[in-house]
Protein chains: 2
Amino acid sequence: MCCIYRDLGKEFGQWLDWVLEEAEVYDYGRYPAKGMGVWLPYGFKIRRNVVELLRSLLDSTGHEEILLPLLIPENILAKESEHVKGFENEVYWVTHGGLQPLDVKLALRPTSETPLSYMESYWVKSYKQLPKKYYQVVSIFRYETKATRAMLRVREVTTFKEAHTLHEDFTDAERQVREAIDIYRRFFDELGIPYLVSKRPEWDKFAGAIYTIAFDAMMPDGKMLQIGTVHNLGQNFTKAFEVWIQKKDQSIDYAWQTSYGISERVIATLLAVHGDKKGLVLPFRVAPIQVVVIPIPAGGDNVKKYVVNEAIKLGECLKKAGLREYVDLRDDITPGEKFNIWELRGVPLRIEIGPREVKEGHVTVFRRDLRAREKVPREELVDRLKGLGEAIDNNLKNRAWGAFRERILRTNNVQLARKHLRGGGVVEMPWCGKPECAEKLAEVLNADVLGTPLDPYEVPANEKCPLCGHKAVAYLRLANKY
Amino acid sequence: MCCIYRDLGKEFGQWLDWVLEEAEVYDYGRYPAKGMGVWLPYGFKIRRNVVELLRSLLDSTGHEEILLPLLIPENILAKESEHVKGFENEVYWVTHGGLQPLDVKLALRPTSETPLSYMESYWVKSYKQLPKKYYQVVSIFRYETKATRAMLRVREVTTFKEAHTLHEDFTDAERQVREAIDIYRRFFDELGIPYLVSKRPEWDKFAGAIYTIAFDAMMPDGKMLQIGTVHNLGQNFTKAFEVWIQKKDQSIDYAWQTSYGISERVIATLLAVHGDKKGLVLPFRVAPIQVVVIPIPAGGDNVKKYVVNEAIKLGECLKKAGLREYVDLRDDITPGEKFNIWELRGVPLRIEIGPREVKEGHVTVFRRDLRAREKVPREELVDRLKGLGEAIDNNLKNRAWGAFRERILRTNNVQLARKHLRGGGVVEMPWCGKPECAEKLAEVLNADVLGTPLDPYEVPANEKCPLCGHKAVAYLRLANKY
């Protein structure tokens, strides 16, 4: 089975490479350094709309955008011992400035907990300043030695939104973890991306965190992709960097931290969960072009001219109504070719306007998600387009969630679980809580451990760990991971 | 003389360091790597508004935003020989990924002519695709060995807008140079920043360009700062990277290029040319907060509460009117302290509202640029604020240009020129056109050559080069440069 969502016409990996290139989203593989790609104009606009959506969610919840330097001196990166152990094998190092060797090696940021904690030791003194919520949208670098893949596993992640917060106590950091999860839920919901929220097992948490909560999405091949993480960092970094605060009760203590991040993988996911064999299917919310207007020339020159003028006027009217529109007036390709191009690029709505439409005072509207046409009278057009935009986003979200839920199976039967995983998806199995049982289960199922549900639903008393037979304390989620 | 614009209360360098820190714009000098700083939330918002203004000018003139990787393989950077000679001594090199040495050294981009030309050799085939206008807003890196200085001379330029264009022939590239100059003029005009547009002398052009046009602004100490450049690159890079196109007449030729850039120096300039000893004075156009509302509590608790509520209501009303407002409700500092804080941060307009104002149905409006108060009836407030915003931007622009023009002296008298330059500013001297005379003149005046005016105004026939006595062909601009 090649796609759990809908027909991609080819294997998912091939489809993604094809659509990124053909729809002019991201040029990957031609750039002369491995694991790095170029955002093309159309792709950049998708990226921008997605990032702006995330920004608006963060800004409206008291997050402040900042920008830290890219380069982190070796001694700063090394200050938190777990952290540096987790990253030292995958950091790029700058060793020379011009022809001279540098005194201190500089790392290209893999993430910014260390330099920010260093700065926070200057900035923050009192509980009165807390909570503090910073974020930045930057490039990060990881020297991936595994096979790289456009947007999914790259060496330069060009779009990393990392948030970092500071708190007076553990309780407030816990509240922040919940807030971050809530923000991410809203973000993915706006994009119509289905997800699971799991607490990662101890051995798979972020280097330097107390625990990690992760969002996983399902790719069309049924494999899971981590698209967001939220970490409670406790006082690990504030101790290493001496971020002291005076608390309300006058005592002095280290501050508490959380951090949470989302990368351009969310854009790959956006394309993957909604796309089909004709190409992209973009939600109205983030589509660079929401409505494309295509004049259908027919008849004599005067009629053609008239139709083109009507199309231009229509475009202006849509623009005035706040819609992102484009009137495709090219005369060296046919309307049919234009249809294909804009369907490939995922434009949610297309207006076809020919002599008959002009004469009868209506237009034909085509919606990309259902590939269905309807006639709309001119005077109702703007309202109808906005309504359709909403309907498209709802439909994309619902059908993606529908397909996603179908591929999640709760069972205590190892045979069934194995069979289910072969078709792609996730299994939830009762689990005793012991790491060795989780490890063994992953081995038996030839799968990876995603973790346990964020708020573990109650496991019935008769459910036993299928390996050791002890009482289950939670369900364990397993799947094949990217 | 410490400031050609207005009283900074201290020497310009000290003032800039002071204002960046106190107004919480940019934390420089505490970051543990030299020549790199952190954009703080308030500064980030200024940066963002300035960058968005530039984006809107570029987008509306057919420029398309893209994003190229940061890392450039050594062999790509080295392809255009003049270019690599110009940059090899100031490029940061990545030599290791994790613990492994890399096969090919990777440069942190100093600018993106080389990787983009490489990609364009794949993207562009025909004159029908031209002109192409790309831009990106990114960090660039230069290993400065001179003394670094916050925003003016840094090792990581965190805000570099670089545009790159492709053309069918030289004529169209020349047209593009003019378009770029026009866009930059509009950009600096919107910010109220005075500038000179000069053609740089041959020995000071961009490495790889046919010629370079530069925008120079005057710092308060009278020294000139390059804040924008426009290059006609000819076919230098397209030949090195084999960017062939088929022309309209079916012949095959290399494409023609231009590139033009603006960095965060424009933000330093924005702060420098309008600021005063109380701190920043921001144009209304780009101020993160355009109007701050400060309740003046007086009288009993009920009256105080009433005033605070009125201030909140006022803030909501301003927000609804599309103004960027902030209501400062802190109760642990006095109104006077709030006045100082927001004046330091350059908020263009302040509303003071106390019991009397509420009762009488007006508010007191203070404008930062003139430090003047006026009473405005509540019902006229929104219109008046918008009008004042415009008036402030005009006043800032006019007074900056006034001070700027006063410091430009045209003379053929070397003594006068030397005296003028000691006070800061620019001299324009008749020049025979010979490089050796320009060099000698710079030496005699202890100044740098900015170049010649973009459209050389006619030099009267009796004007002679003060050095060799030959007929002058142009005025030569000289000044002390940052």
Side-chain angles (χ1 to χ4, degrees), chain A residues 27 30-33 35-45 47-48 64-73 75-76 87-100 102 104-106 108 115-116 118-119 122-123 128 134 136 138-139 141-145 155-156 158-159 332, chain B residues 27 30-33 35-45 47-48 64-73 75-76 87-100 102 104-106 108 115-116 118-119 122-123 128 134 136 138-139 141-145 155-156 158-159 332:
Chain A
D27 191 333
R30 292 201 283 207
Y31 191 78
M36 298 165 196
V38 182
W39 286 93
L40 299 171
Y42 191 69
F44 192 90
K45 289 192 185 85
R47 172 185 182 272
R48 195 175 164 157
E64 297 182 299
E65 191 164 0
I66 58 169
L67 186 56
L68 287 158
L70 168 77
L71 300 172
I72 306 174
N75 55 320
I76 299 295
F87 283 106
E88 66 188 350
N89 284 326
E90 55 179 48
V91 161
Y92 279 103
W93 290 106
V94 177
T95 59
H96 287 70
L99 306 171
Q100 296 179 290
L102 299 176
V104 180
K105 284 200 293 182
L106 300 168
L108 302 193
L116 183 56
Y118 179 90
M119 297 309 292
Y122 292 105
W123 297 343
K128 287 183 194 166
Y134 297 113
Q136 61 177 2
V138 293
S139 279
F141 294 82
R142 310 243 171 128
Y143 183 66
E144 290 285 353
T145 47
R155 291 181 170 183
E156 177 179 18
T158 58
T159 318
D332 54 349
Chain B
D27 192 334
R30 291 200 282 207
Y31 192 77
M36 296 164 197
V38 182
W39 284 94
L40 300 170
Y42 190 69
F44 191 90
K45 288 192 185 86
R47 173 185 181 272
R48 189 167 174 170
E64 297 182 299
E65 192 165 359
I66 58 170
L67 186 57
L68 289 158
L70 169 76
L71 298 172
I72 307 174
N75 55 321
I76 300 294
F87 283 106
E88 67 187 348
N89 283 325
E90 53 180 49
V91 160
Y92 280 102
W93 290 105
V94 176
T95 60
H96 286 72
L99 306 171
Q100 295 180 290
L102 300 176
V104 180
K105 284 199 295 182
L106 300 168
L108 303 193
L116 182 56
Y118 179 91
M119 297 308 292
Y122 292 105
W123 297 343
K128 287 181 194 165
Y134 296 113
Q136 61 177 3
V138 293
S139 279
F141 294 81
R142 310 242 170 127
Y143 183 65
E144 289 284 354
T145 47
R155 290 181 171 183
E156 177 179 17
T158 58
T159 318
D332 54 350

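Numbered from 1 within each chain, the chains take letters A, B, ... in sequence-line order.
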Need one label for [X]: side chain, backbone, both or neither, based on atoms under 4.5 Å from any heavy atom in chain B.
{"X": "A:Tyr42", "value": "neither"}
{"X": "A:Thr159", "value": "neither"}
{"X": "A:Arg47", "value": "side chain"}
{"X": "A:Arg48", "value": "side chain"}
{"X": "A:Phe87", "value": "neither"}
{"X": "A:Glu144", "value": "neither"}

Minimum side-chain heavy-atom gap [X]-[Y] below 4.5 Å:
{"X": "B:Thr158", "Y": "A:Pro69", "result": "no"}
{"X": "B:Ser139", "Y": "A:Leu70", "result": "no"}
{"X": "B:Leu71", "Y": "A:Met36", "result": "yes"}
{"X": "B:Tyr31", "Y": "A:Ile72", "result": "yes"}
{"X": "B:Trp123", "Y": "A:Val38", "result": "yes"}

Leading residue by heavy atom contact count with chain B [cutoff under 4.5 Å; candidates [options]]:
{"options": "A:Val104, A:Leu116, A:Val94", "answer": "A:Val94"}
{"options": "A:Leu102, A:Leu99, A:Val138", "answer": "A:Leu102"}
{"options": "A:Glu65, A:Glu90, A:Glu64, A:Glu156", "answer": "A:Glu65"}
{"options": "A:Leu68, A:Asn75, A:Thr95, A:Ile76", "answer": "A:Thr95"}

Suppose we screen for ring pair (Phe, Tyr, Trp, His ring centres under 6.0 Å). Which residues come up paired with A:Trp93, at least two apart in sequence or across chains? none
According to side chain to side chain contact (heavy atoms under 4.5 Å, CB included), who are the partners of B:Glu88, at least two apart in sequence or on a separate chain?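 For B:Glu88, the residues satisfying side chain to side chain contact (heavy atoms under 4.5 Å, CB included) (neighbours in sequence not counted) are B:Val84.
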Nearest-0.5 Å distance that lies between atom CE in B:Met119 and atom CG in A:Leu40: 7.5 Å
Could you grab the distance from atom NE2 of A:His96 to atom OH of B:Tyr143, nearest 0.5 Å is fine? 10.5 Å
Please find the pair of heavy atoms, one from A:Ala33 and one from B:Pro73, that lie closest to each other, and give the distance.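 What the structure gives for the nearest pair is CB-CG, 4.1 Å.
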Closest approach of A:Gly97 and B:Tyr92, non-hydrogen atoms and distance?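 Reported closest heavy-atom pair: CA-CD2, 4.3 Å.
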What part of B:Phe141 is in contact with chain A, defined as an atom under 4.5 angstrom from a non-hydrogen atom: side chain, backbone, both or neither? side chain
Between B:Gln136 and chain A, with a heavy-atom cut-off of 4.5 Å, which part of the residue counts as in contact: side chain, backbone, both or neither?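 No part of B:Gln136 comes within 4.5 Å of chain A.
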